[in-house]
Structures are given as C-alpha cells and as structure tokens.
Protein chains: 2
Amino acid sequence: MTPELIPRRALHDELADRIRQMIIEGDLQADQKVPEKDLCARFGVSRTPLREALKVLANDGLLVLTPNRGSTVAGVTEQDIQDVFPVMSALESLSGELAVQNMSDVAIAKLQQTHAAMVKAYRAKDLPLYFRLNQEIHRGILQGSGNAALIAVYDSLNIRITRMRYVADMTKDRWAQAVAEHVVMMDALTNRDGNLLSEVLRHHLENKRETVLRWVQKSKKTKVK
Amino acid sequence: MTPELIPRRALHDELADRIRQMIIEGDLQADQKVPEKDLCARFGVSRTPLREALKVLANDGLLVLTPNRGSTVAGVTEQDIQDVFPVMSALESLSGELAVQNMSDVAIAKLQQTHAAMVKAYRAKDLPLYFRLNQEIHRGILQGSGNAALIAVYDSLNIRITRMRYVADMTKDRWAQAVAEHVVMMDALTNRDGNLLSEVLRHHLENKRETVLRWVQKSKKTKVK
DNA sequence: ATTCATAATTTTGCATTCAAAATTCAAATT
DNA sequence: AATTTGAATTTTGAATGCAAAATTATGAAT
C-alpha cells in the first residue's frame with residue numbers, strides 16, 4: 001500500500017477527518033478491527049498523531065477502543081437508531097423554526113436553486129447527484145438556523161447513523177415521497193412557516209429512519225460472525 | 001508541585017476527566033494558557049497521553065488548540081449561551097416526555113426522596129448540598145429518559161456552560177423559585193404528565209440561562225485583559 | 001484430531017527524543 | 001527610554017523506543 005501523503009495541517013485533525021470519512025464511506029466496516037500499523041502505513045504517519053485521532057473518533061462514538069486490544073469500528077445498532085432519531089427529530093424541529101426566522105431571502109433563493117437542480121437529478125434518476133444536492137439542502141437549512149451548537153450536535157448524531165451503504169436501500173416509492181416532501185419544505189421556507197417546516201423535516205427524517213433501520217436489519221443478517 | 005499519581009485505567013481517559021473537572025471547577029480559568037509541561041507535572045505523566053486528552057477536550061469545545069501555540073481554556077461567551085440554551089431546551093422537553101414514559105415507579109420514588117432531601121437542604125440554606133442533590137435529580141430525570149444519545153448530547157452541551165462559579169450568583173428569589181419549580185417537576189413526574197414536566201423543565205432551564213448569562217456578563221467586565 | 005501449555009510474534013500504552021516553531025531575553029541602534 | 005534585531009530558551013508536533021499485554025504459532029499430551 002503506497003503511503004498517501006497528507007497536506008500540511010494538524011495531522012491528528014486531518015487523520016480524524018480521513019478516518020471518519022472512511023467509516024461513512026464503508027471503507028472501514030462495522031466491527032472491523034483497525035490496527036494502528038495499517039492506518040499508519042495507509043497515511044504515512046507515525047502512531048502518535050494517529051492515536052490522537054483515534055481517541056477523538058472514539059469520543060465521538062465512531063470507534064470503540066478496548067484497552068490493550070485496539071480499535072474497532074462502531075456499528076450502527078437498532079438501539080442506536082431508537083435513541084438517535086428521536087433526538088434528531090427534536091433538533092430538526094428547532095432547526096426548522098430557527099431557519100425561517102434567520103435565513104436571508106438570498107440564502108433561501110440559493111436553496112431554491114439547489115432544490116430545482118435536485119428535482120432535475122431525481123427526474124434523471126441520477127442517484128449520486130441527487131444525494132449530493134439533497135445533503136446540500138439539508139445542510140443549508142441547518143446552517144440557516146444560525147446556531148452553531150445546534151449544527152455541531154446535529155452533525156455529531158447524524159454521523160453516527162449515516163453510512164453511504166444504505167442509500168442503495170431506498171425504494172422507488174420512498175424516493176418519490178422524499179422529493180415530494182422536499183417540495184413542501186421549500187414552500188414552508190419561502191413562506192417562512194416555521195411550524196410547517198418543522199413538521200415536514202421531522203416527517204422526512206422519519207422516512208430516513210425507516211430506510212436506515214431496514215439497512216441495519218439487513219446487514220445484521222448478512223454478517224453472521 | 002507534587003505529582004499526583006493517577007489510579008490505573010487508560011491514562012488519556014482519566015486525564016480528560018480530570019482536566020474537564022478542573023475547567024468546571026474553575027481551577028483552569030477561561031482563556032488561560034495551559035502549557036503541557038505544567039499538566040504533565042501536575043499529573044505525573046508524559047506528554048503523549050496528555051496530548052491525547054487535550055485533543056479530545058478540544059473536540060468537545062472545552063479547549064482551544066492553536067497549532068504550535070498550545071491550548072487555552074475555552075471561555076463561555078454570550079454567543080455560546082444564545083446558541084446552547086435553545087438546543088438544551090428542546091432536549092429537556094424530549095427528556096421530560098421520555099422520562100414519564102420510561103421511568104419505573106421505584107425510580108420515581110427514589111427521586112422523590114432526593115427531592116425531599118434537597119428541599120431540606122434549601123431550608124437549611126446549605127448551598128453545596130442543595131446543589132449536589134439538585135444535580136442528582138436532573139441527572140435522574142435525564143437518565144430516566146432511557147435514551148443514551150439524548151444523555152450524551154445533553155451532557156456535551158451542559159458541560160460547555162456549566163461552571164461552578166456561577167452558582168454563587170443565584171439570588172434568593174431565584175433560589176426560591178427554583179425550588180418551587182422542582183416541586184412542580186416532581187408532581188408532573190408522579191402523575192406522569194409529560195407535557196407538564198417538559199414545560200417546567202424548560203422554564204427551569206430558562207432560569208438557569210439567566211443566571212449563567214448574568215455570570216458571563218459580570219466576568220466579562222472583570223477580566224479586562 | 002482436539003486440547004492444553006508455552007514460546008514466539010505482534011500490538012498496544014506510554015515515555016523519550018528530536019526537529020521545528022514560538023517565545024523570551026539581551027544587546028545594539030536610534 | 002523605546003524599538004529592533006538576533007541569539008538563547010522554551011514549547012510544541014511528531015517519530016522513535018521500550019516494556020507490558022495480547023495474539024498467534026508450535027508442540028506435547030490425551
């Protein structure tokens with residue numbers, strides 16, 4: 001494996017980002033052991049900054065560190081889903097309320113454009129593009145709340161249940177429904193209807209919950225260790 | 001300074017706990033520089049595990065690490081308060097709803113006892129004891145939600161605005177009001193009235209917000225660097 | 001062949017070391 | 001006296017080293 005050199009910046013920070021990304025992307029799978037040596041080779045760094053990154057990721061719940069036995073990737077359990085989604089729902093609700101209060105007309109107009117592009121991607125059945133734009137919109141609303149604590153906390157939960165793999169598990173119906181909900185979202189936003197935006201965001205999240213849950217249940221069967 | 005030896009357990013974990021505690025207790029003050037050497041001497045450890053702990057605490061927003069310039073204690077700003085409390089409020093609300101659903105009668109009865117002891121401490125004007133029991137009750141309700149994600153997220157926010165110093169800033173009136181709210185809380189809990197519990201928890205938090213805000217504004221004037 | 005004991009190897013936890021950056025201090029100039 | 005320049009010192013970032021724990025491999029006994 002050729003050591004992939006990392007551009008300058010605090011190494012532990014960069015490493016944490018990279019490894020986080022690997023977990024989300026599925027390059028590191030749930031319950032997989034992650035020897036330090038491998039990651040050091042992978043990134044061409046020594047163990048010192050790597051271990052700093054591992055501690056941070058463990059603190060965020062993405063890795064499980066067992067003393068003297070190294071790190072494993074934390075899986076997404078049904079319990080996690082049961083716990084995380086109600087909290088995210090409450091946060092979405094707040095996010096919607098704050099976004100309609102704080103977003104500028106310009107910011108909303110920009111989201112409208114992204115939304116239009118996303119609908120186009122949907123019609124073209126371009127799943128990767130759709131997904132990217134979809135994420136962009138959700139992030140736009142969250143950012144629109146103007147609340148740094150909300151954003152940080154939401155992200156920390158979202159990352160614990162977001163894995164690229166489950167995207168494939170979205171059914172045609174659900175996809176159509178998701179797009180329909182996005183239309184309502186944009187309406188609520190332009191009309192600055194906080195209650196409606198909150199409600200549709202929560203409903204939208206509920207659909208995500210079901211998709212993630214199905215994915216977790218499926219992969220539970222697959223990996224009969 | 002005599003090196004205070006630490007009982008066995010992952011050092012970085014223990015260190016993170018200790019330093020976190022020092023920040024809450026005010027042993028490390030806002031914006032204070034924290035040279036690694038000092039902390040190493042303080043705890044009798046090398047820089048390796050210490051730095052791991054620092055990275056984790058920085059990730060939690062308790063420290064600010066500036067590359068090549070070390071760590072400083074993150075202060076509580078008015079902006080932090082503005083951001084953090086609305087999120088905590090939403091979480092308190094959820095916590096209340098879940099607690100009435102999930103807590104056992106036994107657990108509620110235990111909280112009642114703690115509550116009685118707290119009222120007694122209030123009557124005796126024993127502020128430290130009152131504070132300890134008060135925290136115990138709030139933790140009991142949060143735990144009563146049975147939601148690990150909620151607890152983790154709440155804690156992460158709470159720790160960013162909780163500093164022992166501001167306790168002193170509570171006025172007589174506010175103290176009395178806080179106790180009165182606690183009475184309502186316990187009623188709501190025994191009657192398993194989720195809406196009421198949510199409401200009183202949020203209201204209670206609002207009072208905390210004002211106390212913390214006053215403390216931050218006061219200490220802003222004090223430390224004219 | 002399976003189980004157990006024990007030796008060899010690997011991996012982890014933490015201390016130490018070294019280079020680079022930042023800070024401090026002192027002398028020199030104005 | 002104030003400012004500036006540059007060396008001496010301190011502090012940080014990251015690699016290396018070393019001991020302890022865990023894992024794997026080896027071989028003997030059943």
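This one's a predicted model, so the numbers in the text were calculated from it and none came from an experiment. Because only heavy atoms are used, hydrogens play no part in the values below, and waters and symmetry mates are left out as well, while side chains stay in. In what follows, every chain begins at residue 1, and chains take the letters A, B, ... in the order their sequences are listed.
- If you take NE2 of H12(A) and C1' of dA14(D), they are 11 Å apart, rounded to a whole angstrom.
- The distance from the CZ atom of R174(B) to the OG1 atom of T211(B) is 4.5 Å, given to the nearest 0.5 Å.
- A salt bridge links E136(A) with R132(A): at least one charged nitrogen is closer than 4.0 Å to a carboxylate oxygen.
- A salt bridge does not link E210(A) to R214(A): none of the charged nitrogens lies less than 4.0 Å from a carboxylate oxygen.
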**Request:** Verify side-chain contact (heavy atoms from CB on, under 4.5 Å) between L57(A) and R20(A), making sure each step is shown before the conclusion.
**Result:** CA-CA 7 Å; L57(A) 293 172; R20(A) 210 185 340 256; 3.6 Å; yes

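- Salt bridge status for D83(A) with R160(A): absent, with no side-chain N to carboxylate O gap under 4.0 Å.
- Nearest nucleotide to the V45(B) side chain, out of dA15(C), dT11(C), dG13(C): dA15(C).
- Between V34(A) and T72(A), the shortest heavy-atom contact is CG2-CA, 4.5 Å.
- F43(B) has its CZ atom 17 Å from the C1' atom of dC14(C), to the nearest Å.
- Separating the NZ atom of K37(B) from the C1' atom of dA15(C) is a distance of 17 Å, rounded to the nearest angstrom.
- The distance between atom CD of E14(A) and atom C1' of dA14(D), rounded to the nearest whole Å, is 15 Å.
- dA15(D) atom P lies 13 Å from atom CD of E36(A), rounded to whole Å.
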Show each protein N/O and nucleotides 19-23 of chain D N/O combination with a separation under 3.5 Å, one pair to a line.
{"unit_1": "dT23(D)", "atom_1": "OP2", "unit_2": "R69(A)", "atom_2": "NH2", "d": "3.3"}

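- Comment: R9(A) engages D17(A) in a salt bridge, judged by a side-chain N to carboxylate O separation of less than 4.0 angstrom.
- The distance between atom CG of L11(B) and atom C1' of dA15(C), rounded to the nearest whole Å, is 11 Å.
- Following rounding to the nearest Å, D13(B) (CG) and dG13(C) (P) show an atom-to-atom distance of 11 Å.
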Expected rows: protein N/O vs nucleotides 16-19 of chain C N/O, under 3.5 Å:
{"unit_1": "dT16(C)", "atom_1": "O4", "unit_2": "T48(B)", "atom_2": "OG1", "d": "3.2"}

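- Using a 30° and 60° split on the angle between ring planes, H182(B) and H138(B) fall in the perpendicular class, above 60°.
- No donor-acceptor distance shorter than 3.5 angstrom exists from the side chain of N158(A) to the backbone of D155(A), with no hydrogens or angles considered.
- If you measure from atom CG of L63(B) to atom C1' of dT12(D), you get 15 Å, rounded to the nearest angstrom.
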